[in-house]
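Here the structure is a predicted model, which is why all the values come from computation and not from measurement. Convention: sequence-line order gives letters A, B, ...; per-chain numbering from 1.
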Protein chains: 2
Amino acid sequence: MPSDAHRTFKDRLYGLFARIGKTLASPHRLEILELLAQGERTVESLARELGLSLANTSQHLQALRQAALVESRKEGLYVYYRLADPAVSDLCRSVRTVAEHRLAELDRLVRDHFGDRAAAEPVSMDELLTLARSRDVIVLDTRPASEYAAGHIAGALSVPIDDLQRRLRQLPRDREYVAYCRGPYCVYADRAVEILRAKGRRARRLLEGFPEWKAAGLPMHTGLEQGVLR
Amino acid sequence: MPSDAHRTFKDRLYGLFARIGKTLASPHRLEILELLAQGERTVESLARELGLSLANTSQHLQALRQAALVESRKEGLYVYYRLADPAVSDLCRSVRTVAEHRLAELDRLVRDHFGDRAAAEPVSMDELLTLARSRDVIVLDTRPASEYAAGHIAGALSVPIDDLQRRLRQLPRDREYVAYCRGPYCVYADRAVEILRAKGRRARRLLEGFPEWKAAGLPMHTGLEQGVLR
DNA sequence: ACAGTAATCAATAGATTACTTGATTACTGC
DNA sequence: GCAGTAATCAAGTAATCTATTGATTACTGT
């Protein structure tokens with residue numbers, strides 16, 4: 001029977017697709033993937049950031065590796081994990097998009113937690129690009145320095161959110177600022193805007209984060225040098 | 001502690017994302033979603049096509065509805081399910097893309113089942129579009145008539161694969177054919193090409209299927225009328 | 001060689017999920 | 001109203017998944 005062979009083919013085929021799907025079924029794994037979208041990280045640093053045990057984190061990472069969504073390299077004591085493919089980042093964004101479109105609870109949750117975000121006058125990526133070309137805006141990367149080093153918006157200045165207060169004097173009053181962070185659900189940029197405004201600066205936040213910027217193919221740099229966004 | 005509040009926010013946030021992810025964790029649900037991408041269907045017809053029990057199918061559909069990925073309407077005895085949003089179709093495609101990029105097994109499986117597909121000289125969507133504009137190709141929709149009615153490539157002729165043999169006399173010998181079906185893993189178009197060539201016609205298959213065509217925003221029709229692709 | 005740390009492995013308990021079976025509800029046509 | 005069919009519900013079992021714990025491996029620096 002050809003239909004028997006065809007059934008087993010389909011079962012195997014969708015079994016493979018589901019292997020990808022299964023890895024997206026855990027909140028923690030999704031969070032890991034979003035952190036890895038910022039750049040490679042060690043198991044321990046992921047565990048700390050997520051508040052998970054080391055063993056548990058390691059197991060999630062292995063689940064991700066079995067589905068070939070991440071790869072790793074060993075350096076001394078540390079194992080660094082990274083996304084295996086930009087398509088993985090796209091996939092996560094796709095999940096998020098569907099959740100945003102379809103889950104009314106998400107909207108409520110974000111509203112409750114962030115309050116009215118329109119107050120921060122969020123800038124879209126396109127807007128930032130034209131802004132940076134026409135006027136002198138200072139783009140601030142508020143993520144930890146290691147994430148900045150792994151990749152950042154071209155011309156952005158690295159000011160991790162915890163250092164911002166202390167480094168205010170380096171940021172002139174008469175300039176215009178746009179802060180960005182890991183993504184639309186990350187609070188770093190919001191906090192930065194709050195602090196900057198409290199200290200008399202004009203500041204807004206980028207609506208999206210670095211992974212979206214990268215996925216859009218917009219200009220970026222790696223390392224610690226700070227080029228100019230043009 | 002603000003970090004406590006922040007943790008619960010993140011847990012809820014990723015919990016919502018994972019609600020979407022969880023529905024993608026089952027091979028059967030993924031297959032259901034791909035069938036629904038062709039057009040709305042009743043529970044019973046899905047169960048029959050998938051070889052699942054009615055109750056089981058119904059439960060999967062309810063899982064999908066709980067994640068707000070599908071919606072339904074009732075008409076007489078039948079409940080028709082449909083995708084709730086085009087973004088759901090994009091999400092499924094994204095899962096497939098990652099699987100294609102990352103799982104070597106998939107490539108092997110497809111090769112084993114389809115043999116060398118290059119022999120069928122697959123046409124891309126762009127190619128078909130230019131082909132249709134410059135020459136007289138006849139585009140054949142090999143899916144069941146109900147799927148054709150729910151939406152098809154503009155100008156395509158509905159010839160369900162099971163009817164092809166019988167309707168060959170209606171298909172002139174001196175024309176060129178491109179057959180398409182549900183998607184790259186559907187065999188209908190391959191079979192059609194085989195039959196057409198055996199009967200002396202020039203035939204190729206469209207690499208992608210109707211959902212991809214629709215997602216790309218290319219010209220389509222619904223209903224039974226057969227317009228011309230230009 | 002030894003102590004110390006990152007990461008993985010192995011075993012387990014608890015929670016969640018998938019599918020079956022049989023009963024129930026909702027609707028149609030007679 | 002009644003028979004027949006589509007769909008859902010409810011309960012139970014088997015399988016799978018998640019997180020924990022404690023042990024083990026791999027590597028570094030002394």
Using whole Å, what does the distance between atom [atom2] of nucleotide [N] and atom [atom1] of [X] come to?
{"X": "B/Y80", "N": "D/dA7", "atom1": "OH", "atom2": "C1'", "value": "13 Å"}
{"X": "A/L77", "N": "C/dT8", "atom1": "CG", "atom2": "C1'", "value": "13 Å"}
{"X": "B/Q66", "N": "D/dT8", "atom1": "CD", "atom2": "C1'", "value": "14 Å"}
{"X": "B/L46", "N": "D/dA6", "atom1": "CG", "atom2": "C1'", "value": "13 Å"}
{"X": "A/N56", "N": "D/dT18", "atom1": "CG", "atom2": "P", "value": "9 Å"}
{"X": "A/L61", "N": "C/dC9", "atom1": "CG", "atom2": "P", "value": "12 Å"}
{"X": "B/L54", "N": "C/dA18", "atom1": "CG", "atom2": "P", "value": "18 Å"}
{"X": "A/K74", "N": "C/dA7", "atom1": "NZ", "atom2": "C1'", "value": "7 Å"}

Check whether any side-chain N or O of [X] sits under 4.0 Å from OP1 or OP2 of [N], and answer yes or no.
{"X": "A/H28", "N": "D/dA19", "value": "yes"}
{"X": "B/Y81", "N": "D/dT8", "value": "yes"}
{"X": "A/S58", "N": "C/dA7", "value": "no"}
{"X": "B/S53", "N": "C/dT20", "value": "yes"}
{"X": "A/H60", "N": "D/dC17", "value": "no"}

> Looking at C/dA10, does its base get a donor-acceptor pair with the side chain of A/Q59 below 3.5 Å?
Replying inline: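 Indeed, a donor on one side and an acceptor on the other fall under 3.5 Å apart.
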
Side chains of [X] and [Y]: do they bring a donor and an acceptor to under 3.5 Å?
{"X": "A/R93", "Y": "A/S89", "value": "yes"}
{"X": "A/H101", "Y": "B/D85", "value": "yes"}
{"X": "B/Q62", "Y": "B/S58", "value": "yes"}
{"X": "A/Y180", "Y": "A/E208", "value": "no"}

Please classify the nucleic acid contact of [X] as base, sugar-phosphate, or nothing, using heavy-atom distances under 4.0 Å.
{"X": "B/A25", "value": "nothing"}
{"X": "A/T57", "value": "nothing"}
{"X": "A/A55", "value": "base"}
{"X": "B/S26", "value": "sugar-phosphate"}

>> If you only use heavy atoms from C-beta on, which nucleotide in D/dA7, C/dA6, C/dT8 is closest to the side chain of A/E44?
In response: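 Ranking D/dA7, C/dA6, C/dT8 by closest atom to the A/E44 side chain puts C/dA6 first.
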
> When rounded to the nearest 0.5 angstrom, what distance separates CZ in B/R143 from CD in B/Q38?
Replying inline: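 One finds 5.0 Å between CZ of B/R143 and CD of B/Q38.
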
